[in-house]
Asks: 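Would you mind keeping the following structure in view while I ask a few things?
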Amino acid sequence: MLTSGVVVGTLYGLLGLGITFVLRVTKVLNLSHGAVAAFSGLTYAWCLAEGLPVVVAFAGALALGTAIGFAEGVFLRPWLSAGHGVIAVFVTLALGLLIEGAAVVAFGKDAMGARPFLQFPDLRFGGAVLTGAQLLLLAVTLLGTAAFAFWYFGTASGKIYRALVDDEYGAAVIGVAIGRLQSIAFAIGGGAAAIAGIAVTPLLSTSYAAGNLMLVNGLTAAILGGVSNPFGALAGGLLVGVIQAMVTGMISTLLMLPASLALLLIVLIVRPEGLLPSRLRQRTI
Amino acid sequence: MITRARVFRIGTATAVLAAASFVLPQVIGNISVLDFICVAAIFAIAAIGYDLLVGSTGMFALGQAGLMCLGAYAAGYTAITLKGSPFEAACLAIALPVAATLVIGAPSLRLRGVYFGVATLVFSILVTAIATAWTPVTGGATGLAGIPPLGGGNVLKVNYAFWLPFSVCSLAAFLTLAWALNASRVGDAWRTIARDELLAANLGIDVFRFKMLAFLLSAAFAGYAGFLFAYYLQFLAPDAFGLRLTISLLLMVFLGGAGTVWGPIIGAFIVHGLFTFLPSDTKWFEVFFALVVLGVLALMPRGVAGLVDRGGSSFVDRLLRRATPAAKSGAA
């Protein structure tokens, strides 16, 4: 039970990572993140169902998620430059509904699964078992996270974003094109969401409604992990996954979501900067 | 300011509304129209309460759907399990959201900006999640059925001679209350807080008290709307209070005009009209609805009421004023 919690936790971590990254760069909480993930996952499943090779399906869904993110970034420009991110959050809420609606139009209301593209053998250790599908999810999610980390810490463009996150004013002084980078940040967030959506599709069939659940869990991961460090969301995600697994195993499946939400609410009120040690003391974002 | 002329205006408006509500069921035979008016009036009450929070006081709360859910289930539980009277159900329907706001709302007020919105949104989602999970009390995902009818009639044949006046007169009463608050010094304090919190504090306004007041009132309005909802439909399901309701209430406030009194009512009737008279089952509806919301947010931030009367609302003023770069310096 615990192992499946860890596996799901990495997924939540990736979702949270996307949300946190966009939040730190643009100061906007992208509430459509889950919908983008679900839409990309559905695209991937649909491509596979149409007989397209896995690589094409993966690349297509990833490109689509990134494109949707970019479109959002462009659409949100007037609200971003106003410097008042809160109404932008309302807008992202509506954008999420729009994307969810588009998913209904494109794919219908039924759930779509996808056969795993690589068959991993089940892994057994110490009484626990990780199924092949879970391992695949883990692999895709960890690869996506690693790719993001490599870009963020290892490349020049990643460095510019780190500068932007650390000190927006200073970055502007040295000539960073903040507006454009913020739009691109949404695209990157969309890409991260897409990978998460693709990863989950073989394990659990996705439908248009899955976006909300992914948003809620990603948000929980992001806030529990704290927004001072985009990678804090990974720890937050593991925590959420493990707690949900424990509640499901020891109490009831029904209480899984209320339990993590209640924890999120308590953390928000008591320690909004997250559970990890943070140098931010509830900074205004 | 509460002037005699304004009191006269609002008094006649509500009297006409109340009188019309008694006459209408005799005149209109079309059940779907009568149903539309009743449900729109119920949502309007929730929207007016929400507007006190978002429009007048400028607080970006997203929890109104959850508060309405609490009220509705409190009423339903009172009616079915506790076998209470409708009056007792109404009291509990108002008391539970207000209590929740006291306990959770008070500490959440110290959160700034996005975090406050997220906290209220999480609260709303948590309420529906509990309603879905707590099957013995709330009936779970399949819902709570069997709420006794009010004013004669039953689930199949609603007695509109009772329900139309009841819902519309309730709306008129809450409308008057909201108007009185907005027009008084309380409303002035709210608008000052919306414009500039620091300025308000320096002027001697107890910011926390007034914010809490707006919050508690919005909860009370939502609770009563939930009570009406429960007794009118005689059935409750957690799905009805999800993200769609949150976005609908937002749209009602913004489309009608935030910060005005009539705005949310107009918004409620328009939005519920969209759901009722357009085919909301087709797969294109969600896209259409989202586009409407985006259009309103982008093009008409003052809403319909803003187009008609040039008063505008301070919350929107603050939003538009912030759009100038000058206001942004030093915010980093």
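Reminder, nothing fancy here: chain letters follow the sequence lines and each chain counts from 1.
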Asks: Which heavy atom of P258(A) sits nearest a heavy atom of L126(B), and at what distance?
Replies: O-CD1, 3.3 Å
Asks: Report which part of V118(B) has an atom under 4.5 Å of a heavy atom belonging to chain A: side chain, backbone, both, or neither.
Replies: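 For V118(B), the contact with chain A is made by backbone and side chain together.
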Asks: Quick check on L121(B) against chain A: is it the side chain, the backbone, both or neither that has a heavy atom closer than 4.5 Å?
Replies: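 Interface part for L121(B): side chain.
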Asks: May I ask you to name which of V293(B), L62(B), T132(B) has the most heavy-atom pairs under 4.5 Å with chain A?
Replies: L62(B)
Asks: Looking only at heavy atoms, what is the nearest atom pair of V105(A) and W284(B), with distance?
Replies: CG1-CZ2, 3.5 Å
Asks: In chain order, what residues pass the side chain to side chain donor-acceptor pair (under 3.5 Å) check against S124(B), with sequence neighbours excluded?
Replies: none
Asks: Which atom pair, heavy atoms only, marks the closest approach of E286(B) to V104(A)?
Replies: OE1-CG2, 4.1 Å
Asks: Do the side chains of S108(B) and L268(A) get nearer than 4.5 Å, heavy atoms only?
Replies: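 The answer is no, as the side chains (C-beta and beyond) never meet within the 4.5 Å cut-off.
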Asks: Heavy-atom distance under 4.5 Å between the side chains of L294(B) and F75(A), does that happen here?
Replies: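 Answer yes - side chains close enough.
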Asks: Side chain, backbone, both or neither: which part of L243(B) has a non-hydrogen atom closer than 4.5 Å to chain A?
Replies: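 Looking at L243(B), just its side chain touches chain A.
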Asks: Measure from the side-chain N and O atoms of R244(B) to the backbone N and O of L97(A), and report whether any donor-acceptor pair falls under 3.5 Å.
Replies: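 Flag not set: sc R244(B) to bb L97(A) has no pair under 3.5 Å.
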Asks: Tell me, for T135(B) versus chain A, whether the close heavy atoms (under 4.5 Å) come from the side chain, the backbone, both or neither.
Replies: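 Side chain of T135(B) only, per the 4.5 Å heavy-atom cut-off to chain A.
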Asks: Please name the pair of heavy atoms, one in V122(B) and one in L261(A), separated by the smallest distance, quoted to 0.1 Å.
Replies: CG1-O, 3.8 Å
Asks: Between I223(A) and chain B, with a heavy-atom cut-off of 4.5 Å, which part of the residue counts as in contact: side chain, backbone, both or neither?
Replies: side chain
Asks: What option among N212(A), L265(A), L264(A), L255(A) has the most heavy-atom pairs under 4.5 Å with chain B?
Replies: L265(A)
Asks: What part of L250(B) gets within 4.5 angstrom of chain A, counting heavy atoms only: side chain, backbone, both, or neither?
Replies: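 L250(B) touches chain A through side-chain heavy atoms alone.
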Asks: Should we count CZ of F107(A) as having more than 12 external heavy atoms under 6.0 Å?
Replies: yes
Asks: With a 4.5 angstrom heavy-atom cut-off, is it the side chain or the backbone of L219(A) that approaches chain B, or both, or neither?
Replies: side chain
Asks: Highest number of heavy-atom pairs under 4.5 Å with chain B: which of A262(A), A103(A), S260(A), A102(A)?
Replies: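 Result: the option with the highest number of such pairs is A262(A).
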Asks: What part of I247(B) lies closer than 4.5 angstrom to a heavy atom of chain A: side chain, backbone, both or neither?
Replies: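 The answer is the side chain of I247(B).
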Asks: Between atom OG1 of T246(B) and atom CZ of F90(A), what is the distance when rounded to the nearest 0.5 Å?
Replies: 10.5 Å
